[in-house]
Amino acid sequence: MSEQRLTAVWVQDWMERAHAVFAAERVALIELDRAIGDGDHGENMDRGMTAVAKRLAADAETSQETPTPAALLKTVATTVMANVGGAAGPLFGTAFLRAAKATDSVSAPDGELDGHAVATALEAALGGLQSRGKAEVGEKTMVDAWAPAAQAAREAAEAGGDATAVLAAAAHAAEEGADATVPMIATKGRASYLGPRSAGYRDPGAVSTVLLLRTATEAALE
Amino acid sequence: MSEQRLTAVWVQDWMERAHAVFAAERVALIELDRAIGDGDHGENMDRGMTAVAKRLAADAETSQETPTPAALLKTVATTVMANVGGAAGPLFGTAFLRAAKATDSVSAPDGELDGHAVATALEAALGGLQSRGKAEVGEKTMVDAWAPAAQAAREAAEAGGDATAVLAAAAHAAEEGADATVPMIATKGRASYLGPRSAGYRDPGAVSTVLLLRTATEAALE
Amino acid sequence: MKKLINDPRRVVADSARGFGLAHSGLVRVNEDPLYIVRAAGVTPGKVGLVSGGGSGHEPLHAGFVGPGMLDAAVPGAMFSSPPPMPILEATRAVDGGAGVVHLIKNYTGDVLNFEAAAELAEAEGIDTRSVLIADDVALEHAAGMTGRRGVAGALLVEKIAGAAAEAGEGLDTVARIARYVAGQVRSMGVALRAPTVPHAGRPSFDLGEDEVEIGIGIHGEPGRERVRLGTAAEITQRLIVPVISDLNLRNGEEALLLVNGMGGTPLSELYVLYAEARDLLDRRGIRVIRSLVGNFVTSLEMQGASISVLRMSETLTRLWDAPVDTVSLRSPLR
Amino acid sequence: MKKLINDPRRVVADSARGFGLAHSGLVRVNEDPLYIVRAAGVTPGKVGLVSGGGSGHEPLHAGFVGPGMLDAAVPGAMFSSPPPMPILEATRAVDGGAGVVHLIKNYTGDVLNFEAAAELAEAEGIDTRSVLIADDVALEHAAGMTGRRGVAGALLVEKIAGAAAEAGEGLDTVARIARYVAGQVRSMGVALRAPTVPHAGRPSFDLGEDEVEIGIGIHGEPGRERVRLGTAAEITQRLIVPVISDLNLRNGEEALLLVNGMGGTPLSELYVLYAEARDLLDRRGIRVIRSLVGNFVTSLEMQGASISVLRMSETLTRLWDAPVDTVSLRSPLR
Ligand SMILES: Nc1ncnc2c1ncn2[C@@H]1O[C@H](COP(=O)(O)OP(=O)(O)O)[C@@H](O)[C@H]1O
Ligand SMILES: Nc1ncnc2c1ncn2[C@@H]1O[C@H](COP(=O)(O)OP(=O)(O)O)[C@@H](O)[C@H]1O
Ligand SMILES: [Mg+2]
Ligand SMILES: [Mg+2]
Ligand SMILES: [Mg+2]
Ligand SMILES: [Mg+2]
């Protein structure tokens, strides 16, 4: 049993890393979206994560007390919602919002997160984006990364993994889930317009999910 | 002193040849005009000469008596004027019209043309297109082919050349005149917009003049 | 990439500023968050009409803000739905107490962002209704799928719903009319050359020198099939036959015919298509009683066009003929 | 070449037919020889206004036929002036006994063909006046040269002369006003990508991936210089500074600003240019009191734009604001 707990510093570190990664992967994500969508996904995510990083940095400057992870995740949620646009904006925004709400109720009294809390947060995120987007597994969307990620996170937590281990399991499962979207024929989102021609490409939103979970893990490893 | 006289058959033969030549040179003339104009000269001339050939053929079918060369040239003039469009339409149209009028007064009683009559016709054509277009020699227009052609025609006639010889001299001079347009900087017509950049290309209207005079010569040789 | 812009990320903002300056008698541009409303302000007691979506489809929607049509337009980033906040603020700005109708082209992003905005508006006590526009027959309907896209038909819904709102109809009636129009219009498009989204920097898709994409979307999303470029008559046939068969339009019925340019097609070609479409409808006994030809719902500089047919009725004709005064559509329409 | 056409040689005819079918309430198309007149027919006692020229610049001129603007438009082949006969027939068709003004863009072909038509019309007893439009400052004036081209300024001359004719002014007055407007407007354009003339089958000129042609004509004729594509602000500066200095427009004067698309430029980019132009004029104290932004005088699908400035006066403003009802320009203009 690990004692590791994730704090607000983890959220800040996570978002800085995510900001850097989405800037670096901007063009690659645009290319993925260009293949089966409208080519803006990298631009949307880059714009959104830039706004998030800026907002968190500004908040850190001005605020006196240390925030809870949940409070920061809520700020991330509204900033993503307000700046990403497209389909990804409300989907990731809702995911962050539900994660924030969930951690608020399951985290330790100081607001810090253990493995179980992380798993709960990821499950809530998945629930949120499914309630918005109405997609099931197998429709070639970000759900195909989030769903296995949430499940792997729960399993890791049940097995006694600490927060980092839980995130690592989630990121790994998301990666497999994103790869699994390649042969799928999309039935939700813009890629669905392609019908059978959507097969053969990874879903951009699923890849972004991987990037988010991977940076979350890296931040937790620090 | 030659006895050769040009008849209505010559005009018909000339126009059939011109029709064929402008169809064949359509793209080349478009390319010339594309370089220093708007790329339609070949299209304009081809459209016009097709209309002329059609009109002369139709007239030949229906009319009972043999027309004079002057009458045919007048039909050519109005058909060119009505179908070529652009700058070349009214210019060549006026040239043919004045040539028709001039031959009417200088040709033999039966309307047939000797060398002198041909030279007079070419001078009249030049006068016509200069009165319309206001261009002088050296402005990189069809005048740079017509002017030496008319002069060479007159010299050949004075030297006793027959109609074919006069036309051949005119065509040859026109060719040299067209070549001489290459280094010129245009000051009239669309090419003038290019200023110094118009140098280095043959003027399309001058090249069309060569084609007209060359086919006239070939028809006379028959 | 060759564009008359200052910075790929500033195009939408710069352009909106120019739009506001050029048409200050008709519209007011709120720069942050970005939305466009009528210069005359809110009309008390009138149902407000808001539309929006990704930019790059100009004049849609900002060009259709004004008396007789929209009250507000909310432009997102290029080809990206705007987030909920500007939609919410535009909704607030045009609520004259009679509620607000959201006209939404059926794209996941637009649907989700408008949905979120509507929830927030309702929470503030603004009555809202949402109308989905999904007129693109390139895609088949199927339960559980994202479904058909909203394309050029949006313009017709905006005009006719706008006339109903202007005439003082209530919230539910305006929404019902808008839904009715959305249900009576079908469209299909073709692309000859892809647009280039400023932030992407290169064409959205690649087409061979003699290939066209039939059933193209307005973001360069692919459609039904790639075929060899044929004559205007052949292309028209491929576009309009699915439209009228999906609409089940029959001999003797009346229709509005819209030939819409995608931005990079000469107007002369749109009229060539119009003539072909008209011939085809004539042959089938469908009476075209109203027409519109031009670049209205575009896809940046995409070369291509779409054909839309709206089944007309007496009511729709009356509403279509009602006065409209916007930057890009002005009565009399004929 | 990728075009929505049936046959390169039939584009103009097919397109005109579609135009007539789509707008039968407003115009009538005479197919042979080809010209377009108002559906309402000739107005007795009113001065007739005829314009025309090569096709490929749509909506110019046919889109501007209607009350308050032109009486007839005469489209030639693509980029080629029409011959005298259709001009003559259009002139006959619109002569209401008060004479006819020919509005001619200054191209050798147009000048010569309209000149021939006017001679024939005069011979028939129709009083005619010719007005040359030569607003393109890309070229320098010089005695004995063909001189400046007529470009987007044509639209402004047509609108204002149209208002004067509609108001019942006599032949000489309408011609004088048209000449006055032609003398107070200057324009300059830029091309980013060449158009393809249907019968030529390939682009009219070649530009490098980062080159633009400053001072482009509307037939793809070259202009002043080729430079690297800069920002919209830089391009605007290059276009508008020669325009206002040639016009000698000073601090405190009033102007109309027209940003005209060449056919293949997204509307959003035109508004970006508009914003830049407006800033520049503002800084110089020139008051833009009227504006127009859109694709009005195009060059097929050429990517590019032009900026025109018209020095305004009370009379011109009044005539500009007068009602107009054409397919492509409809009041209120704002
Ligand atoms: N209904 C949906 N449920 C879950 N995810 C979806 C849904 N629709 C689209 N997505 C995700 O959104 C991604 C595209 O986002 P983005 O390109 O930013 O927005 P847009 O499609 O509006 O351009 C897709 O790759 C997919 O993962
Ligand atoms: N003022 C003029 N006088 C004589 N010839 C002229 C004049 N202006 C133009 N041309 C001739 O017209 C030719 C171009 O004809 P064309 O391409 O058919 O018409 P446009 O220039 O209207 O497109 C030029 O090559 C030139 O020879
Ligand atoms: Mg996308
Ligand atoms: Mg030419
Ligand atoms: Mg998008
Ligand atoms: Mg020409």
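Letters go in sequence order (proteins before strands), and every chain restarts at 1.
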Discussion item. Strictly by salt bridge (Lys or Arg N to Asp or Glu O under 4.0 Å), give each pair with a member in residues 60-78 of chain A just once, sequence neighbours left out.
Written reply: none
Worksheet item: Which pairs, with at least one residue in residues 209-220 of chain A and sequence neighbours excluded, count as a salt bridge (Lys or Arg N to Asp or Glu O under 4.0 Å)?
Response: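 Qualifying pairs, neighbours excluded: A:Arg17-A:Glu218, A:Glu175-A:Arg214.
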Item to complete: Quick one: which of A:Gly189, A:Gly89, A:Gly85, A:Gly39 has the most heavy-atom pairs under 4.5 Å with chain C, could you say?
Response: A:Gly189
Item to complete: Quick one: which of A:Gly195, A:Ala186, A:Gly86 has the most heavy-atom pairs under 4.5 Å with chain C, could you say?
Response: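 The residue among A:Gly195, A:Ala186, A:Gly86 with the greatest pair count is A:Gly86.
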Fill in: All side-chain contact (heavy atoms from CB on, under 4.5 Å) counterparts of C:Pro86, not counting sequence neighbours
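By the side-chain contact (heavy atoms from CB on, under 4.5 Å) rule, C:Pro86 matches C:Pro33, C:Val74, C:Pro82, C:Pro83.
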Worksheet item: Any chance CE of A:Met184 has more than 12 other-residue heavy atoms, nucleotides or ligands included, within less than 6.0 Å?
Response: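 Counting neighbours around CE of A:Met184, more than 12 heavy atoms of other residues, nucleotides or ligands fall under 6.0 Å, so yes.
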Distance-only donor-acceptor pairs under 3.5 Å across chain A and chain C:
unit_1, atom_1, unit_2, atom_2, d
A:Arg26, NH2, C:His199, O, 3.0
A:Glu31, OE1, C:Arg202, NH2, 2.7
A:Glu31, OE2, C:Arg202, NE, 3.3
A:Arg34, NE, C:Pro203, O, 2.7
A:Arg34, NH2, C:Pro203, O, 2.5
A:Asp40, OD2, C:Ser80, OG, 2.3
A:Asn44, OD1, C:Ser80, OG, 2.9
A:Asn44, ND2, C:Ser80, OG, 3.2
A:Asp46, OD2, C:Arg9, NH2, 3.4
A:Gly86, N, C:Ser81, O, 3.1
A:Gly86, O, C:Asn113, ND2, 2.8
A:Arg132, NH1, C:Glu115, OE2, 3.0
A:Arg132, NH1, C:Glu119, OE2, 3.4
A:Arg132, NH2, C:Glu119, OE1, 3.2
A:Thr187, O, C:Thr146, N, 3.2
A:Lys188, NZ, C:Gly144, O, 2.5
A:Gly189, N, C:Thr146, OG1, 2.5
A:Arg190, NH1, C:His219, ND1, 3.1
A:Arg190, NH1, C:Glu221, OE2, 3.0
A:Arg197, NH2, C:Glu213, OE2, 2.8
A:Arg197, NH2, C:Gly223, O, 2.9

